[in-house]
There are 2 protein chains.
Amino acid sequence: MTEKDKLTEEKIFDSATEIFIEKGFDGARMRDIADHAGINKSLLHYYYRTKERLFNAVFENIADRIFRKLIPVFDKNLSFEEKIRLFYREHIDLLHNNPRLPVFLLNEIYRNPSRVEKLVKDTPIMKIWTVLSEQHSEELERFNVSADSIPQLMVSIASLSLFPFIAKNIITAMFEKEDYDFDSFIEKRKEYAAEFVIRAIKNREQLPEADSKGQIRREKRTAGR
Amino acid sequence: MTEKDKLTEEKIFDSATEIFIEKGFDGARMRDIADHAGINKSLLHYYYRTKERLFNAVFENIADRIFRKLIPVFDKNLSFEEKIRLFYREHIDLLHNNPRLPVFLLNEIYRNPSRVEKLVKDTPIMKIWTVLSEQHSEELERFNVSADSIPQLMVSIASLSLFPFIAKNIITAMFEKEDYDFDSFIEKRKEYAAEFVIRAIKNREQLPEADSKGQIRREKRTAGR
DNA sequence: TTAAAATTTAATCGTATGGTCAAATTTAAA
DNA sequence: TTTAAATTTGACCATACGATTAAATTTTAA
């Protein structure tokens, strides 16, 4: 009973996870989930009352898995630079094994904006912010990263690992034309992204001016060609 | 007749654009589009046979608009650095006025992967690649950017402007907790992203890496003014 | 072994959806 | 004005979907 019970419920949950990730809430069909699990369609409603509830279970599980995996990185007692490197290694690895997760998550938040509040409230996502702006304030100050631009930095960091998976289809298609390979691209990206961020920040260290203004000085620069 | 004709068809097209962008193909309802346009539902089928065809018209128009707007940037006769700055100013501006475009596009490609081939084939998206790897090969070489890592660079460049809009909901929610504002964040991002990329690349210049072309002169930029 | 409870199945419902059609109305041509 | 064509409308269809229900089957506990 508990045996078979768990088996059925688990089969449903796993199939639902797979299909919801693949198709999203709107695109997923209860029939498909049942078929994929090899069970009668009514069982879906027996175990999870509605499609919404089933999706909910799946969504929260996924969100939890993602952020739970990420937090240890920021817990570790490392320098900012080391943390960046570790983050990209871990994060990109996680995404490489679950390439559709970002789109799934973003899409659902899009469909149901109320999710985002719960996400920010219930997951440790804000911890990344906290750690960056508190734990590493000194380092960032040394790099001339103003507290004001920490949001810019954070979003930039996230962009570099998430976007390639979000745009995987397009990237793959473009790569094909030039004979590149997405998988090896991703493998290289772990280090590339880390270096990219570190360089972008570290360079500030050497600039004598306090903060960039760079707006007005762009006309003369090139003699053309 | 031609007057009213255009009016009706245009109303349909505009409403469809709005609603498809908002809800995506699966989420959009033909009834909603008709209601929004203030016309009878059958007219949708009179002017555009099916939902697919209507969506198709909308999609291609949007894709075209996006890429057509972007290409001039890469056509201009500017240095790589200037091009980066101009790109972010133009691109982020476009996205700021149409914040849902990236998600719409990516989502549709997701739903219908065959789109991506047509997109790569019919839009000038590959031109960005070409320009970067051909027109600026010398500059990039000077920056120690190997041809091998140009894909990494390109994806990184795109990430920094596209991702913030893709993840707008989450970012906004996180900002709220810390009393930041998405709009001003985006405004600042035009310059931030450009500086970020330029710094990330330029820094390579100074690394004591072996270089066949003896032209490593690092201070060029900051002193120049 | 037996009865109650839990699980599974098949049939079916109500509704929403994309789409069709024929009639009504408006517009253009004679 | 008359007539044919183009446009618009409302009624309707077939289907797909999530959900319900009651009966059948299996499991559990006495």
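Order of the sequence lines fixes the chain letters, A, B, ..., with proteins taken first and strands second; residue numbering starts at 1 for each chain.
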Take the protein atom [atom1] of [X] and the nucleotide atom [atom2] of [N], then report the distance between them rounded to whole Å.
X: A:Tyr47; N: C:dA6; atom1: OH; atom2: P; value: 12 Å
X: A:Arg31; N: D:dG18; atom1: CZ; atom2: P; value: 7 Å
X: A:Asn40; N: D:dA19; atom1: CG; atom2: C1'; value: 13 Å
X: B:Ile33; N: C:dT17; atom1: CD1; atom2: P; value: 12 Å
X: A:Leu44; N: D:dG18; atom1: CG; atom2: P; value: 9 Å

| task | Mind jotting down which residue pairs meet the side-chain hydrogen bond (donor to acceptor under 3.5 Å, both in side chains) criterion with at least one end in residues 24-38 of chain A? Sequence neighbours excluded, please. | result | A:Ser15-A:His36, A:Glu18-A:His36
| field | Close approaches to DNA chain C from residues 21-30 of chain A, in residue order (heavy atom, under 4.0 Å) | value | none
| query | In terms of ring plane angle, is the pair B:Phe20 and B:Phe25 parallel, tilted or perpendicular, where the classes change at 30° and 60°? | reply | parallel
| query | Is the base of C:dG19 touched by the side chain of B:Lys41 through a donor-acceptor pair closer than 3.5 angstrom? | reply | yes
| request: Check every atom of C:dA6, D:dA19, C:dG18 against the side chain of A:Tyr46 and return the nucleotide holding the closest atom. | output: C:dA6
| remark: Residues at least two apart in sequence or cross-chain that pass ring-ring contact (aromatic ring centres under 6.0 Å, His included) with B:Phe175, listed by chain then number, are A:Trp129, B:Tyr180, B:Phe185
| note | Sorted by chain and residue number, the ring-ring contact (aromatic ring centres under 6.0 Å, His included) partners of A:Phe163 (sequence neighbours excluded) come out as none
What protein N or O atoms touch nucleotides 21-25 of chain C N or O atoms at under 3.5 angstrom, if any, and at what distances?
none

| request: Name every residue in residues 49-63 of chain B that has at least one heavy atom under 4.0 Å from any atom of DNA chain D, in order of residue number, or write none if there are no such residues. | output: none
